[in-house]
Number of protein chains: 2
Amino acid sequence: MALDEIDKKILRLLQENAHYTLKDIANKINLSLTPVHDRVKRLEKEGVIEKYVSILNKKKLGNNLTVYCQVTLTKTTYDTSEGFNLSIMEMPEVVECNYVSGNFDYMLKIIIPDMESYHHFHQKKLSVLPEVSLINTVFVISEVKSTTVLPI
Amino acid sequence: MALDEIDKKILRLLQENAHYTLKDIANKINLSLTPVHDRVKRLEKEGVIEKYVSILNKKKLGNNLTVYCQVTLTKTTYDTSEGFNLSIMEMPEVVECNYVSGNFDYMLKIIIPDMESYHHFHQKKLSVLPEVSLINTVFVISEVKSTTVLPI
DNA sequence: ACTTTTACAGAAAAATATTCTTTTTTAGGA
DNA sequence: TCCTAAAAAAGAATATTTTTCTGTAAAAGT
């Protein structure tokens with residue numbers, strides 16, 4: 001399942017725009033429809049292409065605040081982590097959650113309407129979790145870059 | 001340009017899967033093709049739907065390391081920030097960059113093949129920028145959640 | 001009461017995806 | 001060098017989907 005140059009070209013295009021037609025792609029890489037079709041299906045089947053999604057505008061949906069939460073747990077046992085993870089999975093405001101090395105245990109990214117909503121989230125949803133010991137909030141002042149495009 | 005419940009249903013579906021056909025959506029929300037078509041086009045035109053992208057598998061592309069870089073600049077002037085921003089935009093490993101409040105200036109998310117690549121990135125690409133004063137690296141040990149789905 | 005606008009339905013036309021068959025290319029072995 | 005098998009690509013057909021057009025009904029404004 002090694003990716004050749006043609007696969008990579010297709011992936012680069014699809015990362016840019018999931019609505020490129022097979023014909024668009026075929027034209028851009030000088031191939032006919034068939035190999036493009038077959039390769040895309042293969043890449044989907046192999047899981048290289050995970051899914052096709054729509055990217056919406058945060059602000060137009062009323063989500064004007066982004067924050068990073070650096071969370072420290074009470075204990076570092078498996079059960080504590082798992083309990084925390086399961087709770088996080090249920091929270092739509094949490095768009096990223098990574099277990100990390102360093103002075104704290106988790107780095108979360110939260111997208112939420114405003115400061116008031118964040119206050120509520122912090123006090124009523126996050127800090128009340130039994131696994132959570134400390135929360136350090138880093139507020140985003142301005143978004144410089146945000147992309148789903150991975151280096152290929 | 002207020003979003004009604006039908007718009008929101010369409011957006012929720014498209015966030016899940018950009019390859020749902022208009023017919024799929026029409027069936028799921030009990031409408032005919034026409035209103036679904038018109039609403040999707042309107043949402044695109046208004047910029048609520050920004051783009052359609054393919055989500056690829058990091059690891060299958062050989063990117064096995066994710067890190068957060070907390071960067072402090074040498075100065076906090078506009079020119080310093082802008083210079084840094086422009087450099088960041090050119091770096092494909094940097095998938096997120098936010099100007100933040102707190103003990104450092106920027107929070108970056110880096111997706112990269114391995115520790116050796118990160119070492120190279122850190123030493124030869126990031127720390128050499130004239131605007132950069134300090135870099136604190138937070139390594140991701142395990143990804144718990146990562147979604148493009150915004151709360152609606 | 002009449003007109004205009006908005007939202008939706010249905011059908012036809014155009015574009016696209018999918019499948020099937022054929023051709024070309026490539027690599028390995030006699 | 002030739003032959004064969006496998007892989008990759010082209011071309012053509014069929015099926016689906018998107019797009020456009022026409023029409024209807026309800027709501028809003030005059």
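Here is the naming used below: chain letters follow the sequence lines, and residue numbers restart at 1 for every chain.
dT18(D) atom P lies 10 Å from atom OH of Y52(B), rounded to whole Å. Rounded to a whole Å, the NZ atom of K41(A) is 16 Å from the P atom of dT16(C). Atoms CG (L43(A)) and P (dA8(D)) sit 12 Å apart, rounded to a whole Å. Rounded to an integer number of Å, the gap from I6(A) CD1 to dT26(C) P is 11 Å. Whole-Å rounding puts the L22(A) CG to dA9(D) P distance at 14 Å. Taking atom CG on L33(A) and atom P on dT21(C), their separation rounds to 18 Å, with Å as the unit. One can place CD1 of I29(B) at 14 Å from C1' of dA9(C), the figure rounded to the nearest angstrom. Between the C1' atom of dT16(C) and the NE2 atom of H19(A) lies a distance of 13 Å, rounded to the nearest Å.
Taking the side chain of K23(B) as heavy atoms from C-beta on, and the options dT19(D), dT17(D), dA8(D), the nearest nucleotide is dT17(D).
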Intermediate values then yes/no, salt bridge (Lys or Arg N to Asp or Glu O under 4.0 Å), E5(A) and K9(A)
CA-CA 6 Å; E5(A) 254 321 303; K9(A) 279 183 188 170; 5.7 Å; no
Worked check of ring pair (Phe, Tyr, Trp, His ring centres under 6.0 Å) between Y68(A) and F139(A)
CA-CA 6 Å; Y68(A) 289 98; F139(A) 290 99; over 10 Å; no
Kindly indicate, with the supporting measurements, whether the criterion ring pair (Phe, Tyr, Trp, His ring centres under 6.0 Å) is fulfilled by Y106(B) and F84(B).
CA-CA 10 Å; Y106(B) 284 87; F84(B) 179 73; 4.4 Å; yes
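Sorted by first and then second residue, the side-chain hydrogen bond (donor to acceptor under 3.5 Å, both in side chains) pairs with a member in residues 55-66 of chain A read N57(A)-E50(B), K58(A)-E143(A); sequence neighbours excluded.
In the model, Y99(A) has no side-chain atom that pairs as donor or acceptor with a side-chain atom of N85(A) under 3.5 Å.
Residue I25(B) is classed as having no contact, given no heavy-atom separation below 4.0 Å to the nucleic acid. Heavy atoms of R42(B) sit nowhere under 4.0 angstrom from any nucleic acid atom. Contacts of S32(B) with the nucleic acid, taken as non-hydrogen atoms under 4.0 Å apart, include base atoms.
For P151(A) against E93(B), the heavy-atom pair with the smallest separation is CG-CA, 4.3 Å.
The cluster map of Ile, Leu, Val, Met, Phe, Trp and Tyr, joined by side-chain heavy atoms under 4.5 Å apart, puts L129(A) and I112(A) in the same cluster.
Distances shorter than 4.0 Å separate some side-chain N or O of R39(A) from OP1 or OP2 on dA9(D).
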Quick tally for nucleotides 20-29 of chain D: nucleotides whose base has a protein heavy atom under 4.0 Å get B, sugar-phosphate-only ones S, the rest -, giving B---------
